[in-house]
Amino acid sequence: MHVSNKQLAHLLRSVAAAYILTDVNRFRIIAYQKAADAVDSYNQEVYDQWENKGVDGILEMGGIGPTISQHLDQYFKNPHGSFIEEQLQSIPSPVYELMLAPGIGPKKAYRIVKEFGLSDPTTVFDDVKKIASEHKISVLDGFGEKSEEDVVQAINTHIGRLDKEERMALPEAYTLAMDVMNYMQKVPEVEHIEALGSLRRKVSTIGDIDLAIIAEEHTYEKIIAHFVSYPQTSTIESQGINKASVITKNGKRIDVRIVDKDRYGAMLQYFTGSKAHNIKLREYALKKGFSLNEFGIKHVKTGKINTFEREEDFYNFLGLQYVEPELREGSDEIKFAARKKLPELITTQDVRGEFHVHSSFPIEPSHDLGLHSFDEMLQEARNMHYEYLAFSEHNPSVSKHTPEEVIELVRNKKESFIELQKKYKDVLLFNSLEVDILPDGSLAIPQEATEYLDLCVVSIHSAFTQKRDIMTARILKALSYPKVKIFGHPTARLINKREEIDVDWDVIFKMAAQKNIALEINSFPDRLDLPDGLVRKALSYGCKFVIDTDAHKKEDMGLIMFGVAVARRGWLEKNDVINTKNKDEIIDWIRK
DNA sequence: GCCGTTTTCGGCCCGACTGTTTTCAGTCG
Ligand SMILES: Nc1nc2c(ncn2[C@H]2C[C@H](O)[C@@H](COP(=O)(O)OP(=O)(O)OP(=O)(O)O)O2)c(=O)[nH]1
Ligand SMILES: [Mg+2]
Ligand SMILES: [Mg+2]
Ligand SMILES: [Zn+2]
């Protein structure tokens, strides 16, 4: 039976909880928690990996070691009677559910479940609320009036989140962050405010908003008081001297940390994360005799503390290259930084054009047409100082046209480019299409019509759930047609809406590298496809990439920054990305 | 349970906040 990453992470956290409650070695507990974190941040389905490569497929992701991999292998084959199931059975199952409420961990959950003999995980939240309403929790050892209220509040927060997405798409997160930052800047004592955490690392989905503030120490109290009074606050999770957290009416958490200017560098480092990166960095520092925290670097022997206003100096002090936030995921970036071998990441300024925008040209496609005309899109390209642009509308609908009509439509488009190119001498035009990869791997366009194209983007818009071997063969076939230069939004995922296709990426990447077909990094915030993890994998096969916006209106062309963020998170340098090249190099690439 | 250009054994990040405590455990970032 298929196990989703979400279920798997919960499973591993449950084992960790069972171990906490049975007093197992604390580092073994941490190993299970780390494994759960790794599953959460992995952008392929671990179960699929296992299904096709076995234990090696699990080990490959990093973050899970040989023992847990073996246990998972056994669990996936048959959970009944498996080691993992056995561990879980030592604790009543409602504990694992109750733990999901924020602020309730294994110990509190167990205490309550045990005391009242709860046995049904499906009703545990209602059961506990009922018990609380009868004030039976406050009389327990270690509990009181306030903590009884907090339990109910935690359950309500959890339930309130159930029908919402767990993680925000980037634009939503930016909007929320901006709103809070604007609100905080009403306090004149706020010298600087900045979004850190996953937002600074530009992760594709954002769990909460993390803000760092610079201020003088005597103003902290005033600033914190202002923060928790944010109009959208629903509950104040915590309110301390230099940090506070609230949950908004939409169920979104906002964390704030305040620090003085002299120590901001260390705070930037800590609060940008990721957690895995921080732990690896701290372990690395310990070996060199230093202990790190969000305020500075302590020499363990002498106790001397160094402070840092700049984050770069913090890394350099440890003998490391500065690590760009997008690389701080706790994979192997610290090793590279120690050897001064980190990549020089691509920037938005490096992008000189793109290959996937939709115009309103009446190509009569089976999917959606763009909103703006060639002219309007080209004006935008000019504004962005692009040197070239490929129009890639969806192919003309094959069900509504004869092959001859399709050929006619494509030729019309090509002919209209002649005048257009004269008008826009500074932007080299390419006649392209985004062609459907049909379920059998053939392209939704007559071969003759492609003769009028300079290139085409091929992508999947149907039959997303084919089995891995069929899907792999389908894509290989599609990539073998002439004029195919770009594999568009390769996984076809829609964040929070549609899963990635299941395919043997090793085979696809090998073929793409060999045939000089670029993998698209689609910048649309609900796609971000290829996902960053696969970008890095493809890079190791020598693949090349294009960063496209898939713009359906001119304003969408500004989304390119999101695609660049994915590229950076995939460790790409300028040279790995085709649309950083000049016109002549592009023409060469298309001919190859 | 994991892992290795100083280790295959012996270490493993570090601190803030809360409630119920008379010194701390639990939970979280
Ligand atoms: N050293 C250390 N730092 C942590 C730990 N937990 C969190 N942090 C730091 C690094 C995180 O990026 C930062 C913000 O924490 P969050 O829980 O908000 O995580 P992050 O923003 O990375 O991901 P998110 O999208 O919110 O799930 O705080 C920890 O256990 N140890
Ligand atoms: Mg966060
Ligand atoms: Mg946070
Ligand atoms: Zn598409």
Side-chain angles (χ1 to χ4, degrees), chain A residues 12-13 15-17 19-21 24-38 59 62-72 83-84 87 98-112 137-151 153-154 196-198 207-212 220 224 228 236-247 253-259 266-267 269-298 300 330 332 334-335 338-339:
Chain A
L12 291 163
R13 284 204 181 88
V15 176
Y19 283 168
I20 286 171
L21 295 168
V24 170
N25 175 292
R26 68 188 197 91
F27 295 105
R28 197 197 300 175
I29 295 167
I30 290 170
Y32 277 87
Q33 288 167 338
K34 271 188 185 159
D37 290 345
L59 288 169
I64 300 186
T67 307
I68 297 180
S69 294
Q70 282 299 339
H71 290 327
L72 288 179
F83 176 86
I84 287 183
Q87 306 310 303
L98 192 52
M99 261 170 44
L100 293 172
I104 302 181
K107 301 254 171 137
K108 283 187 193 171
Y110 181 71
R111 190 83 181 75
I112 295 170
I137 292 179
S138 56
V139 299
L140 299 182
D141 271 355
F143 285 89
E145 295 282 327
K146 185 66 171 71
S147 52
E148 185 176 77
E149 275 175 43
D150 289 347
V151 165
Q153 182 60 58
L196 304 180
S198 49
D208 69 358
I209 304 298
D210 303 295
L211 300 175
Y220 288 5
I224 296 273
V228 299
I236 299 170
E237 283 288 291
S238 73
Q239 181 175 4
I241 293 161
N242 63 11
K243 65 183 271 193
S245 304
V246 304
I247 292 178
R253 183 182 175 110
I254 303 167
D255 293 321
V256 160
R257 299 264 345 210
I258 315 183
V259 72
M267 181 59 79
Q269 194 293 309
Y270 155 76
F271 213 23
T272 297
S274 65
K275 176 179 172 178
H277 174 81
N278 285 359
I279 291 175
K280 285 199 167 159
L281 188 67
R282 288 170 181 207
E283 284 172 346
Y284 172 85
L286 269 184
K287 285 185 197 157
K288 301 194 138 199
F290 296 102
S291 172
L292 315 183
N293 64 24
E294 61 266 55
F295 305 113
I297 299 182
K298 183 170 84 181
V300 176
D332 45 6
I334 291 167
K335 250 182 252 162
R339 295 181 196 141

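We name chains A, B, ... by the order of the sequence lines, and we start the count at 1 in each one.
The CG atom of A/Asp37 sits 10.0 Å away from the CG atom of A/Leu12 when rounded to the nearest 0.5 Å.
One C1' atom belongs to B/dT5, the other to B/dG1, and the distance between them is 24 Å to the nearest Å. Separation of the C1' atoms belonging to B/dG10 and B/dG15 is 25 Å when rounded to the nearest angstrom. Across B/dT6 and B/dC2, the matching P atoms stand 24 Å from one another, rounded to whole Å. A distance of about 24 Å separates the P atoms of B/dT21 and B/dA16, rounded to the whole Å. Across B/dT20 and B/dT27, the matching P atoms stand 14 Å from one another, rounded to whole Å. Remark: the separation of the C1' atoms in B/dC13 and B/dC28 is 14 Å, to the nearest Å. The C1' atoms of B/dT18 and B/dT23 are separated by 15 Å, rounded to the nearest whole Å. As rounded to the nearest Å, B/dT8 and B/dG4 have P atoms that lie 13 Å from one another.
Residue contacts for A/Ile241: at a heavy-atom cut-off of 4.0 Å it reaches the sugar-phosphate backbone alone, with no base atom in range. At a threshold of 4.0 angstrom between heavy atoms, the contacts of A/His71 are confined to the sugar-phosphate backbone, with no base atom among them. Using a 4.0 Å heavy-atom distance criterion, A/Asn242 is classed as a sugar-phosphate-only contact. A/Ser291 comes within 4.0 angstrom of the backbone, heavy atoms only, and of no base. Residue-level contact check: A/Arg253 touches the backbone only, with heavy atoms under 4.0 Å from sugar-phosphate atoms and none from bases. Across all strands shown, A/Ile68 has heavy atoms under 4.0 Å from sugar-phosphate atoms exclusively, and none from any base. Heavy atoms of A/Glu149 sit nowhere under 4.0 angstrom from any nucleic acid atom. Within the nucleic acid shown, A/Ile30 has no heavy atom closer than 4.0 Å to any nucleic acid atom. Base engagement by A/Lys287 is indicated by at least one non-hydrogen atom pair under 4.0 Å involving a base atom. When heavy atoms are screened at a 4.0 angstrom cut-off, A/Tyr270 is found touching base atoms of the nucleic acid. Among the protein residues, A/Leu281 comes within range of no part of the nucleic acid, since none of its heavy atoms lies under 4.0 Å from any strand.
No donor-acceptor pair under 3.5 Å is formed between the side chain of A/Asp255 and the backbone N or O of A/Asp210. Within the 3.5 Å criterion, the main-chain N or O of A/Val15 finds no donor-acceptor partner in the side chain of A/Gln87. At least one donor-acceptor pair under 3.5 Å links the side chain of A/Ser274 to the backbone N or O of A/His277.
Toward the 5' end of DNA chain B, the nearer of the two residues A/Met99 and A/Ser138, judged by each one's closest nucleotide, is A/Ser138. Comparing A/Asn293 and A/Leu140 against DNA chain B, the residue whose closest nucleotide sits nearer the 5' end is A/Asn293.
A/Gly63 approaches A/Ala38 most closely through the heavy-atom pair CA-CB, 4.0 Å.
Under a cutoff of 6.0 Å and an axis angle of 45°, A/Arg28 and A/Tyr19 form a cation-pi pair.
Base orientation for B/dT5: anti, the chi torsion being more than 90° from 0.
With sequence neighbours left out, the salt bridge (charged side-chain N to carboxylate O under 4.0 Å, His left out) criterion links A/Glu294 to A/Arg257. In this view, A/Phe83 and A/His71 satisfy the ring-ring contact (aromatic ring centres under 6.0 Å, His included) rule, not counting sequence neighbours.
Pairing of B/dG29, defined by two Watson-Crick or G-U wobble distances under 3.5 Å, is identified with B/dC14.
Along DNA chain B, the stretch of nucleotides lying under 4.0 Å from any heavy atom of chain A spans, 5' to 3', B/dG1 to B/dG29.
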